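Count residues from 1 along the sequence. Indexing begins at 1, ligand by ligand and atom by atom, following the structure's order. Quick caveat: nothing in here was measured; it's all calculated off a predicted structure.
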Amino acid sequence: MTSFTRRDLLRSTGAAAAGAVVLAGGARAGTAGAATGDAAPGDAEANPLELWYPRPAAAWLEALAVGNGRLGAMVFGGVATETLMLNEDTVWAGGPHDYADPGGAEALPEIRRLLVEERWAEAQRLADARFMGRPTEQMQYQPVGDLHLAFPGLTDDVAEYRRSLDLTTAVTTTTFVADGVRHTREVFVSHADQAIVVRLRADAPGAVSVDASFTSLQETTTLAHDGRTLALEGRSGEAEGLEGEVRFVALARAVADGGSVVCDETSLRVRGADAVTLLVTIGTSHRSYLDVAGDPLQQAAPPLERAGVKGFGVLRRSHVRDHQELFGRVDLDLGTSSAADLPTDERVAAFRVGGDPQLAALYYQFGRYLLISSSRTPGQPANLQGLWNAEMLPAWQSKYTLNINCEMNYWPAGPSNLAECWRPLFAMVEELAESGARTAQKMWGARGWVAHHNTDLWRGTAPVDHAFYGVWPTGGAWLSLLFWEHYEYTGDLDTLREYFPVLRGAVEFFLDTLVVDDATGYLVTSPSHSPELKHHEDDDEGVSLCAGPTMDMQILRDLFTAFDKASTELGGLDRETAVAALAARDQLPPNQVGYLGQLQEWLIDWEDAATETSRHVSHLWGVFPSDQITPRTTPELAAAADRSLELRGPAVTAGWSLAWKMNIRARLLQRDGAYAHLTQLLSPGRTAPNLFDLHPPFQIDGNFGGTSAINEMLLQSHSGEVWLLPCLPEAWPEGRVRGLRTRGGFEITMTWSAGRLEHARVRSLLGRTVRLRTDGSVRVTGPDGPVRVERPEDGLAVFETRRGATYVVRPTA
Ligand code: FUC
Ligand code: CA
C-alpha cells in the first residue's frame, strides 16, 4: 500500500518525538465542541484529541473501539475489506443461576475455628471443599460476531490512507484515494438511536459498492430479515455445565443513496451507490439477571426502523451532540509539541523519553471516552474489557472482579465529571444485593447481602475460583461505598435514598458476621484474606485465608462511617442500624505499622509475608481510594504506606497495578514517583497501539486508573479539603484544565505556569463551604467582589459559597 501521511512529512523534515520542542500551554486548548461537521479528510492538525494511524489495523489491539454503553464495535479500517467486531453487553455464557452453596453455612464455624487455631492451610482446604460457589467458576462475557464488508473493485493499493478515532465526536474515520477517487468511511455507535452507524461515501458518483456478511464464533444462522436487511441469529455459549441461554439477533440494513440493494440469506449487496449508510442494531433475550425470556427481535427491530428513516446527517448530529454533552465537560491542556503529529502508536513507543505532554492529555481523555462508551444506561457496567471482547473464552472471563478491577473502572466517574456513568454499576449493585442476600443467608447464615471477589451477568455472589482468591466477603461493601461517593460529588439525595436499602444490607451483613478476635479483642472478618496474597506456604499457591486483613478493616471503617452519614443526610433514617454500625466501627483494629516499618497488611505482623512481592497493594486501600491515611493527617502511617510500596517491588505485571500505585503515590504527594508510573503505564508493554491498557492481555481497568491518577495529580478532594495542583509533575509546568469535579460539589477550572497556580475558578454546585488548599496564599473574588476568607493555616483558604456562583482564586504573591 502506498500512503503519504503527515508522519512522512515530519520524518523528511527531521522532527521526531524525542526532544521535540514543547509549545506553551494553551496552544491547543478548547477542543470539546470542535469538529462536529465532516472534517477535511487527512487533516490531523485541527484536532489533538484524536488517535490516528497511517495503515489499517493488523490486529485487534490496533483496531479502534466505539460504543454506546451497550453496543460496541472494534473498527479495523481495512481498504478492500473492512471488519467490525460486534459486542452487546448482555451476551454472556450460561443463564440465570444461583451459585450459592446451600451447605456453606455448615462449614463456616469449623473454618473459623481452624483459623483461630492458626491451622491456616487446613482452613483453606476446608473452604475449598465446602465453602465455594457451584460451579466454582463464573460465566464468560462473549462476542456477538463480526460484520464483514467487502468492497468489489477496490484493492489495498491506495494513496493517502489514514484512519482515526476522534474523541470529541466518538467517530472513527477511514479515508484513502483509489484510482483518483477519495473514499471516506465513518463509524459510530449512537446512544441516542441505539444503533451502530457506518457511512460509506466517495467523491465520485456511483463509486460505492459493498458486500456485507456476518460471521460468528457463536452458534448462529444468518437470514434475510427483509429485502435490504441481513440478520444474524444465535445464542450464547455453554460453560461449566450451564447451557447458553442468551439468544441474540443482529440486524444490518443498507440505506443507499442511488445504486441498488439486494439481500439474500448470506449477504447484503450494494452496487453503484453514491453513498451508503449501514445500520446495525442488536437485541438479546436478556431482561434481567433472572430472566432471559425476552424477544431479541423486539429489541433490535424498533431502533432499526426509527434510525432507517432519519438520514445520516440527523443520526450523526444527534450522536455527536449526545456524546459532547458528557465528553465536553472537561478540557485538559498540558502543552503540546510536534510529537503530537505522529501516529498514536509511535507516540506511545516514545513517551518515556519525554517531550510529548499532549499524549498524557490524550490518554486522560481516552479514559473518559472509554467510560462514556462502555458505561451508559441502558447497558451493563464496564467489565474487565469494558465492552469490547472478541473471544469466547476471554481472560478472566471478562467479568467483574471486585477485589480491585471493577471499582477501578469507576474511579474517574466523579472527578472527571461523568457521574451518569455510575448508573449501570449502581443497577448491578442493587441486583447483587438481591442475589447476595441469598448467598449471605445460605453460606454465612447472615442478614443483609454479600458479594465475594467476582461477579458476572448472573450476579454471582458466592466465592469462586479457589478459596485462596474467592473467600473474600468485602466486595459488596466496597461497591456500596460508591453510593456515598456519588453523593459526595453530586449532593444527589434522591439517588442516596434510592440505594440506601442496599447500603444498609451491606452493613447488616457485617454486623452479623464480624467475630471477636480472641488475641486482641477487635472485631474482624473471618474467613477472609488480603486479596490474592499468601501469608504462609502450602502446596501450590500458599495460604491466603485469615481473619481481619487490613483492607477489610479499612473498607468496613469507611462503610460504617458512610452509613451513619447517609442516615443523617436522609433525615435520620434507620438510626438504630447507624448506631450499631458506629459501635462496630470503633471495635475494628486500627491501621498498624509493622516490624519493617511497613503498613501492616494483616492483623498479625507475619514476618515472611511482609516481604512478599505482588501486583496487589490491598492494604494501601486506606491511602487510595480511601483517605484514612494521608501525609497531612497521619504522617506515620503515610510513611509506612510508602515503605509498603517499596517492599512490594516493581510492578512486574498488570497495567492496573501501575495505575493503582500511581494514584497512591499522588495521594502520598510523590510527584516524581507518580509520574514515573505514568511513563511505565504509557509504554508499549502496558498500552496497546489503540491505547487499550494491557495487563497484558487487554484489561480496561488500567485506562481508568490512569485517568484517575492524572486527576489526583492535578486536583484532590478528600479529608474535607479541595487541593489544587497537589502533585504536579515537572513534565507539565504549563497547563490548563476545565471542568473537574470535587467532593463537596465544586467544579474547578485552573491555569498554571512555571509549575505554579495562576488562577482558578471554583463553581459552587451545592453552596457549601470550601476548604481550599493551595501552594501559597490566595485571594478570592466572588460575584459581589472580594470574599471573606479564613486562613486557619498557611495554604488553606476557607470560604462560604453560594449555590451556582463562581469564585475566582488568585495567588497573592
Ligand atoms: C485479579 C488480579 C489479576 C487480574 C484479574 C482480573 O485476579 O490479580 O491480575 O486483574 O483479577
Ligand atoms: Ca456496558
Side-chain angles (χ1 to χ4, degrees), residues 65-73 86-92 137-138 140-144 189 191 194 196 282 284 286 369-389 393-410 413 418 420-428 452-457 463-472 475 478 529-534 541 544 551 612-618 648 651-661 686 693-705:
V66 284
N68 71 352
R70 182 177 74 87
L71 303 172
L86 306 175
N87 285 105
E88 199 280 353
D89 66 10
T90 61
V91 177
W92 286 66
E137 301 289 323
Q138 292 172 349
Q140 290 84 7
Y141 175 52
Q142 297 187 325
V144 167
V189 189
H191 181 258
Q194 289 296 308
I196 300 168
I282 306 174
T284 82
H286 175 271
Y369 167 85
L370 288 176
L371 194 60
I372 296 167
S373 304
S374 64
S375 188
R376 306 256 330 246
T377 302
Q380 300 296 315
N383 61 45
L384 285 174
Q385 297 185 183
L387 175 61
W388 301 277
N389 166 40
L393 301 175
W396 291 289
Q397 294 85 26
S398 190
K399 53 192 192 300
Y400 301 95
T401 304
L402 306 182
N403 64 15
I404 172 64
N405 319 86
C406 174
E407 291 89 347
M408 182 178 284
N409 287 0
Y410 288 87
L418 295 172
E420 293 87 339
C421 295
W422 262 313
R423 285 271 152 198
L425 182 72
F426 290 180
M428 177 173 92
H452 293 80
H453 96 301
N454 258 289
T455 192
D456 59 8
L457 186 71
V464 290
D465 298 345
H466 293 278
F468 181 94
Y469 302 96
V471 177
W472 181 71
W478 187 352
H529 62 253
S530 194
E532 309 191 17
L533 209 69
K534 67 175 177 204
E541 59 229 332
S544 70
M551 184 195 208
E612 276 295 321
T613 57
S614 171
R615 55 186 179 269
H616 287 265
V617 283
S618 306
R648 241 359 177 220
V652 193
T653 60
W656 65 256
S657 178
L658 280 169
W660 195 355
K661 290 171 186 166
R686 295 289 171 273
D693 169 62
L694 300 173
H695 189 293
F698 166 47
Q699 200 166 285
I700 207 163
D701 40 19
N703 285 108
F704 295 130

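- The His695 neighbourhood of ligand 1 comprises atoms 3 (C), 4 (C), 9 (O), 10 (O), with distances under 4.0 Å to a heavy atom of that residue.
- Looking only at side-chain heavy atoms (C-beta outward), Ser657 and Arg648 stay at 4.5 Å or farther from each other.
- Side-chain contact, Asp456 with Gln397: no donor N or O sits under 3.5 Å from an acceptor N or O.
- Remark: Glu137 engages no residue in a salt bridge (charged side-chain N to carboxylate O under 4.0 Å, His left out) (not counting sequence neighbours).
- Among protein heavy atoms, atom 1 (C) of ligand 1 sits closest to Glu532 OE2, 3.1 Å.
- For His453, the closest heavy-atom approach to ligand 1 does not fall below 4.0 Å.
- Contact annotation for Ile404 and ligand 1: no heavy atom of the residue comes within less than 4.0 Å of the ligand.
- Residue contacts with ligand 1, taken as heavy atom pairs separated by less than 4.0 Å, do not involve Asp701 at all.
- Within the 4.5 Å cutoff, side-chain heavy atoms of Leu387 are placed close to those of Tyr141.
- Although no hydrogens or angles enter the test, the distance criterion places a donor-acceptor pair under 3.5 Å between the side chain of Tyr410 and the main chain of Ala382.
- For the pair Asn405 and ligand 1, the shortest N or O to N or O distance falls below 3.5 Å.
- Of all the heavy atoms of Tyr469, none lies under 4.0 Å from any atom of ligand 1, so neither backbone nor side chain is involved.
- The backbone N or O of Asp701 lies less than 3.5 Å from no partner atom in the side chain of Asp693, so there is not a single donor-acceptor pair.
- Of the possible polar contacts, none joining the Arg615 side chain to the Trp656 backbone as a donor-acceptor pair under 3.5 Å is found.
- Any protein N/O/S atom under 3.0 Å from the Ca ion (ligand 2) was counted, giving 4 altogether.
- In this structure, Gln380 and His286 have side chains that are in contact, with non-hydrogen atoms separated by less than 4.5 Å.
- Taking every heavy atom of Leu384 and a limit of under 4.0 angstrom, the matching atoms of ligand 1 come to 6 (C).
- The shortest N or O to N or O distance between Asn403 and ligand 1 is not below 3.5 Å.
- Not one N or O on the side chain of Ser375 forms a donor-acceptor pair closer than 3.5 Å with the backbone of Leu371.
- Applying the side chain to side chain contact (heavy atoms under 4.5 Å, CB included) test between Asn405 and each of Thr401, Leu402, Asn409 identifies Thr401 as the sole match.
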